[in-house]
Amino acid sequence: MNTTTPFQFHRPGTTNEPGFDELTQPEPLIEHLTVPGFLSRVPRQWQIDEATRYGHQLGRAAEAMHLAYMTTTDRALGVIRVFPVPLMRRVYTLMAAQFGWPGLPETLEA
């Protein structure tokens with residue numbers, strides 16, 4: 001019979017107690033873009049169904065990973081969702097191979 005718990009509890013005063021010092025360290029900044037903002041950086045004339053297909057797949061990936069729902073305001077579109085650029089690059093790279101889209105420009109490469 002296994003009596004151990006899957007969680008590690010830290011007791012105050014022990015050497016393995018996590019401190020709060022690491023919470024004050026700045027997190028690396030991750031650029032976020034809208035779907036139109038990301039696609040406008042790729043040198044191609046996008047059809048609406050291609051942009052919709054990309055945005056739909058990107059949104060599904062973000063939902064599957066339970067990413068925070070972050071938005072911004074666009075003058076033409078109103079409130080619009082933004083996504084982390086590393087995720088956008090990954091989804092685009094996978095879809096580009098499938099649909100024959102051009103590669104990412106150097107400004108969007110990691």
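Note: hydrogens, waters and symmetry copies are ignored here, and every other heavy atom, side chains too, is used.
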Are [Y] and [X] linked, directly or through intermediate hydrophobic residues, by side-chain heavy-atom contacts shorter than 4.5 Å (ILVMFWY only)?
X	Y	result
V85	V82	no
M65	M95	yes
M70	L67	no

- Note on the structure: d(T93 OG1, W101 CH2) to nearest 0.5 Å is 11.0 Å

- Task: Report the distance from atom CZ of R90 to atom OH of Y92, rounding to the nearest 0.5 Å.
- Result: 14.5 Å

- Short side-chain to backbone donor-acceptor contact, W46 and L39, under 3.5 Å: yes

Identify the two heavy atoms, one from [X] and one from [Y], that lie closest to each other, and give their separation to 0.1 Å.
X	Y	answer
E50	Q45	OE1-O, 4.3 Å
E31	L33	OE2-CD2, 3.9 Å
I30	P84	CG2-CB, 3.9 Å
I80	L77	CD1-CD1, 3.7 Å

- Message: Working note: R81 + T34, criterion side-chain contact (heavy atoms from CB on, under 4.5 Å); need CA distance, chi angles, decisive distance, verdict.
- Response: CA-CA 6 Å; R81 190 170 180 185; T34 63; over 6 Å; no

May I have the list of side-chain donor-acceptor pairs in residues 52-62 shorter than 3.5 Å, sequence neighbours left out?
{"unit_1": "T52", "atom_1": "OG1", "unit_2": "I48", "atom_2": "O", "d": "2.7"}
{"unit_1": "Y54", "atom_1": "OH", "unit_2": "M88", "atom_2": "O", "d": "2.9"}

